[in-house]
Trainee: 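Shown below is the structure under consideration.
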Amino acid sequence: MKKFKDLTKKQVCKVCFKEFCTSSFQILLGNSDICDECYDSFPKIFETEYVDGVKVNSIYEYKSPLDSLIYQYKELLDIELCNVFLSRIKFYLKCKFYNYNLVLLPSSENAIKKRGFNHLYEIFKNLDLPIIENLLYKSNDSTQKELNYLSRMTHRGFINMNNNIDIKNKNILLVDDVFSTGATLKEAIKLVKNREPCRIKALILCRNKNMSKFV
């Protein structure tokens with residue numbers, strides 16, 4: 001009874017800071033860090049497209065209010081927001097990709113050191129799926145966000161793979177927060193394919209539709 005009362009007591013939304021009660025259905029999935037009103041404001045799309053033959057699943061569109069929340073999380077270092085993005089759908093995603101190993105698209109060492117945490121790890125660890133850490137890493141400190149569209153499309157060789165980690169015959173799920181031109185994802189797919197995994201898919205938190213789709 002005490003455990004049930006703990007689950008049903010009011011919580012504070014980490015986006016708007018208002019108190020809210022967890023619904024009966026949400027209790028079955030686990031507590032949420034975001035209220036209904038804030039979650040309903042997220043621009044959900046659940047779209048699928050293909051990059052070099054790999055199925056890419058995008059959850060949200062990269063626009064208000066989600067773009068501001070991601071900026072607050074990543075650039076203003078508000079790590080308390082890490083659970084709000086997937087908490088309402090983590091059970092669905094865990095079932096959908098239950099036999100996959102997560103591979104994080106890499107950030108530079110300098111970016112992680114400056115931030116104090118790996119923003120992708122903090123978001124996607126909530127799926128409780130195995131994570132193959134440090135499989136991919138940045139070969140230098142250049143970042144895609146500093147490049148214009150044409151430069152992104154021609155920028156190559158900025159990701160390397162750890163040859164000491166074996167992924168042969170494993171199901172790999174590449175994960176990232178924002179998909180814009182697809183250049184980073186395409187580079188990662190090329191490297192992972194060379195290591196003969198069983199399957200490759202990608203899961204993207206936000207699709208930036210203001211950028212031209214990768215062809």
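Keep in mind it's a predicted model, so treat the numbers as computed, not measured.
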Trainee: Specify the closest pair of heavy atoms between Tyr73 and His119, including all atoms of both residues, with the distance to one decimal.
Mentor: OH-O, 2.7 Å
Trainee: For Leu76, which fellow cluster members are found when Ile, Leu, Val, Met, Phe, Trp and Tyr are connected by side-chain heavy-atom distances below 4.5 angstrom, either directly or through intermediates?
Mentor: Tyr71
Trainee: Show me the donor-acceptor pairs, under 3.5 Å and distance only, between side chains in residues 93-102 and residues at least two apart or in other chains.
Mentor:
| residue | atom | partner | partner atom | Å |
| --- | --- | --- | --- | --- |
| Asn101 | ND2 | Asn171 | O | 3.2 |

Trainee: Do we see a donor-acceptor contact under 3.5 Å between the side chains of Asn83 and Asn126?
Mentor: yes
Trainee: Output all residues satisfying salt bridge (charged side-chain N to carboxylate O under 4.0 Å, His left out) with Asp67, sequence neighbours left out; order by chain, then residue number.
Mentor: none
Trainee: Compare every heavy atom of Ile189 with every heavy atom of Val51, then report the nearest pair and how far apart it is.
Mentor: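 What the structure gives for the nearest pair is O-CD1, 3.6 Å.
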Trainee: Around atom OH of Tyr92, are there more than 12 heavy atoms from other residues, nucleotides or ligands closer than 6.0 Å?
Mentor: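 Open.
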Trainee: Apply the test side-chain contact (heavy atoms from CB on, under 4.5 Å) to residues Lys74 and Asp177: give CA-CA distance (whole Å), side-chain angles for both, the deciding distance (0.1 Å), then the verdict.
Mentor: CA-CA 10 Å; Lys74 290 173 61 176; Asp177 56 343; 2.7 Å; yes
Trainee: Partners of Glu19 by salt bridge (charged side-chain N to carboxylate O under 4.0 Å, His left out), sequence neighbours excluded?
Mentor: none
Trainee: Please check: side-chain N/O of Arg207 versus main-chain N/O of Phe46, any donor-acceptor pairing under 3.5 Å?
Mentor: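 It does not hold such a pair.
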Trainee: I'd like to know if the side chain of Gln11 and the backbone of Ser32 have a donor-acceptor N/O pair within less than 3.5 Å.
Mentor: yes
Trainee: Kindly assign one of parallel, tilted or perpendicular to the pair Tyr39 and Tyr60, based on the angle between their ring planes and the thresholds 30° and 60°.
Mentor: perpendicular
Trainee: Quick one: list whatever passes side-chain contact (heavy atoms from CB on, under 4.5 Å) with Lys168, sequence neighbours left out.
Mentor: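 Scan of Lys168 (side-chain contact (heavy atoms from CB on, under 4.5 Å), adjacent residues dropped) gives Asp166, Glu196.
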Trainee: Checking Lys125 now: which residues fulfil side-chain contact (heavy atoms from CB on, under 4.5 Å) with it, not counting sequence neighbours?
Mentor: Tyr121, Glu122, Ile131
